[in-house]
Amino acid sequence: MSELALELRTLSDLERKTEELSSQINSVARGDFHVEVDDDLIKLKATNNKLKHRLSLIRESIAQELKSSVMEVTESFSITEHLETVFAQAFAIAFPEYGNVPVIIAPVNSASAKYGDYQCNNAMGLAKKMKEMGVNKTPREIANELLKACPASPIINKLEVGGAGFVNVFLSKDYAAKALQNILRSGIKPPRVPKQRVLVDFSSPNIAKQMHVGHLRSTIIGESISRLLEFLQHDVIRINHIGDWGTQFGMLIAHLEDRFPDFLNVSPPIGDLQSFYKESKKRFDTDEEFKKRAYNRVVSLQNGEANSRKAWTLICDVSRKEFQTIYDRLDITVKERGESFYQSHMLSVVDFLRKKNMLEEDEGRQIMWSDEGKSGVPLTIVKSDGGFTYDTSDMAAIRHRIDEEQCTWIIYVVDSGQSTHFNTIFKAAERCGILNPTIHRVNHVQFGVVLGEDGKKFKTRSGDTVKLSDLLNEGMKRSLEQLSSRGRDKILTPDELIEAQEAVAYGCIKYSDLSHNRISDYVFSFDKMLDDRGNTAVYLLYTYTRICSISRKLSEDVSNLKTILDTVEIVLDHEKEWKLAKTLLKIHDILLKCSKDLFLHFLCEFCFEVCAVFTEFYDSCYCIKKNKDGEIVEVNYSRILMCEATAAVLRQCFYILGLKPVSKL
Ligand SMILES: NC(=[NH2+])NCCC[C@H](N)C(=O)O
């Protein structure tokens, strides 16, 4: 919404108030009330006239401003947002007295193209509101007034009032052709959004414990959210909040000292950290002397004593290497900043909370309620032995992220099981003044559990947690089988085959996660994800390679795309060409929609739609005509450009979803 439009609304409100007052003055003047006429009220009437004049000037400049702001088709924007602005102006001009009505723009299902491409659906609601205020107008009358007040926009071909009072918007083909040409010239440009400094806390496995499928979900979703927000030009900090601190390290260090007494000189060959953990836990539970030494080591570690610190680093390194191999395979970038990083910040946040009188003694512990009414579960800030907890580290972390990192948006990609924890942290942070909800946005991006095909929690046959490296290996094996079943092992070079195998294996694991609404639990099934029909990575990747192979058929391929662009106009005469163009141009709307609520399945659905609409287009619109001998006799270059634009849109979406487009599959 432009500043002028806002000012216009404020002025309209003022105008309405003045009018109310004037009518009061009039009634008073008529003698309806026996009240002295206030001089101020009379002055207001004069002000009202001035305001009216200003209002008409502002309306004029809004019309001007809008013209200049939308004339540029070279800029990329979300069609929905653009139409929202157009209709907001129409509202301001036609119905200024109804203040801040949020504009409702909805895309029209392509099956009902005769009703336009988008609709403004406000008239019905407004008619109701007017009725409450004693004004009788039908939604169709309102829609007609809105239509008349709509400023010209280069993206609109025509407007019509339809049905119960919808304003139907038909997009302009000229605009669409230009917008597609821009995509081909300079790639997909992000729509403009206010830039934020945002921290994405994701992956976050725990040292010495198995990185499980829950962490895999967090890793995949967090990476894609980071890519999406980076694409939208936000300043993104990707943080791996690993569990590398806490009392369990005391027993791990004590056990390391016993098992590898020479650990300071010779790096200990801990192959299997999980069983190392189990061994030490067993001793901790049964051996009093060991337990005492373990506690000792926690204290020395937290005090920064050199040998304990060294032992801790060695243990963390073992896990770190394991995590990194998963990140490398899945192309994940995340900066490690585990719980240990916050040790000094925990000391200071405790101090801060104590000074603010937020801490309460509870059976030796120091707790904090997230609201004054003491409802819900309190946070444990200091344990009775003086140690800190997961709550303490998250309070320290949120404070650091807001005060020191200067983030205005923090996103935690963590399973739904922790939603109480995060809600409490957010409320507590607000209560003690760390977080100001008018400035800071915090989101717990929660997700459901991974289930096996039997509908039970995802486990190995023997009932153990599935090792992620085994899972990725299995994916690689299954993807090779899939490719071989299509005879690809005979067509592709060994390098191309490996590239295709990885693209399919990792792509399908990521995509099957991202394409489901993350809130619900999801069933992990290689069979489903490797299906080449339906909304799967395999289907998308195959469609993409098909598009690539179309232009490959041209001898002078698309390396001279720029020349083609300079000489060929995109024509959108065929119904399927026009449908494809409109589908592709939805990309900005979709990206914004995904970033609003941080749901990536909308982007997956969009990719699926693009592929389906492309197939319809390709089935009914020839791009390259060949004769009986297979020689090219005619090329429709406009359609070749459409193919290239489709590939460009898909590539951009693939990047955000972490899929690697391969030109041969
Ligand atoms: N700031 C956070 N608490 N991030 C999430 C940490 C997840 C935790 N390490 C776990 O495995 O459950």
Side-chain angles (χ1 to χ4, degrees), residues 198-223 225-226 236-249 252 273-274 277 312 315-316 318-320 322-324 326-327 332 334-343 345-346 349 368 370 377 379-381 388-405 407 409-430 434-435 440-450 457-458 465-468 518 521 598:
V198 32
L199 188 143
V200 188
D201 176 324
F202 71 101
S203 193
S204 312
N206 302 311
I207 298 287
K209 293 191 194 148
Q210 194 74 253
M211 181 171 174
H212 53 70
V213 280
H215 296 123
L216 179 66
R217 289 207 80 180
S218 168
T219 307
I220 291 171
I221 299 170
E223 173 71 32
I225 287 181
S226 304
V236 179
I237 312 174
R238 301 153 167 251
I239 292 295
N240 198 358
H241 190 86
I242 60 170
D244 63 355
W245 212 230
T247 39
Q248 77 272 29
F249 283 94
L252 287 166
L273 196 54
Q274 273 80 54
Y277 182 95
W312 170 76
I315 294 165
C316 290
V318 179
S319 285
R320 202 170 273 140
E322 260 179 50
F323 302 155
Q324 195 55 45
I326 305 286
Y327 298 149
I332 307 295
V334 62
K335 184 180 154 79
E336 181 182 324
R337 188 185 284 166
E339 292 171 15
S340 63
F341 170 88
Y342 299 99
Q343 174 61 23
H345 301 85
M346 288 194 267
V349 86
M368 172 179 177
S370 59
V377 203
L379 297 170
T380 301
I381 300 295
F388 298 144
T389 70
Y390 190 51
D391 295 345
T392 330
S393 63
D394 265 325
M395 285 303 283
I398 199 167
R399 185 165 179 242
H400 178 261
R401 290 163 183 186
I402 289 177
D403 287 354
E404 280 166 61
E405 286 287 8
C407 293
W409 189 4
I410 311 173
I411 295 170
Y412 297 80
V413 188
V414 188
D415 63 273
S416 308
Q418 297 198 28
S419 67
T420 310
H421 169 74
F422 286 109
N423 283 336
T424 317
I425 293 285
F426 299 162
K427 275 204 278 171
E430 192 181 327
I434 293 175
L435 186 152
H440 308 112
R441 172 175 173 189
V442 282
N443 290 117
H444 173 209
V445 169
Q446 48 180 305
F447 52 82
V449 190
V450 183
K457 236 179 155 181
F458 193 61
T465 38
V466 178
K467 254 184 114 171
L468 291 191
R518 60 174 162 75
D521 294 347
L598 303 169

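Remember, it's 1-based here, ligands and their atoms both numbered in the order they're listed. We number each residue from 1, following the sequence as shown.
Here Q210 pairs with Q274, T465, K467 under the side chain to side chain contact (heavy atoms under 4.5 Å, CB included) rule; sequence neighbours left out.
Side-chain rings of H345 and F388 stay apart, their centers remaining 6.0 Å or farther from each other. Between H215 and F323, the ring center distance fails the sub-6.0 Å criterion.
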Could you list each nitrogen or oxygen of ligand 1 that sits under 3.5 Å from a protein nitrogen or oxygen, with the atom names and the distance?
residue	atom	partner	partner atom	Å
ligand 1	1 (N)	D201	OD2	2.7
ligand 1	1 (N)	D394	OD1	2.8
ligand 1	3 (N)	Y390	OH	2.7
ligand 1	3 (N)	D394	OD1	3.4
ligand 1	3 (N)	D394	OD2	2.8
ligand 1	4 (N)	D201	OD1	3.2
ligand 1	4 (N)	D201	OD2	3.4
ligand 1	9 (N)	S204	O	2.9
ligand 1	9 (N)	N206	OD1	2.8
ligand 1	11 (O)	S204	O	3.4
ligand 1	11 (O)	N206	ND2	3.1
ligand 1	11 (O)	H215	NE2	2.9
ligand 1	12 (O)	Q418	NE2	2.8

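Annotation: the span from I411 atom CD1 to L598 atom CG amounts to 4.5 Å, rounded to 0.5 Å.
For the salt bridge (Lys or Arg N to Asp or Glu O under 4.0 Å) condition, no pair includes a residue of residues 411-423, sequence neighbours left out. Legend: salt bridge (Lys or Arg N to Asp or Glu O under 4.0 Å) pairs involving residues 204-222, not counting sequence neighbours, sorted by first then second residue: R217-D513.
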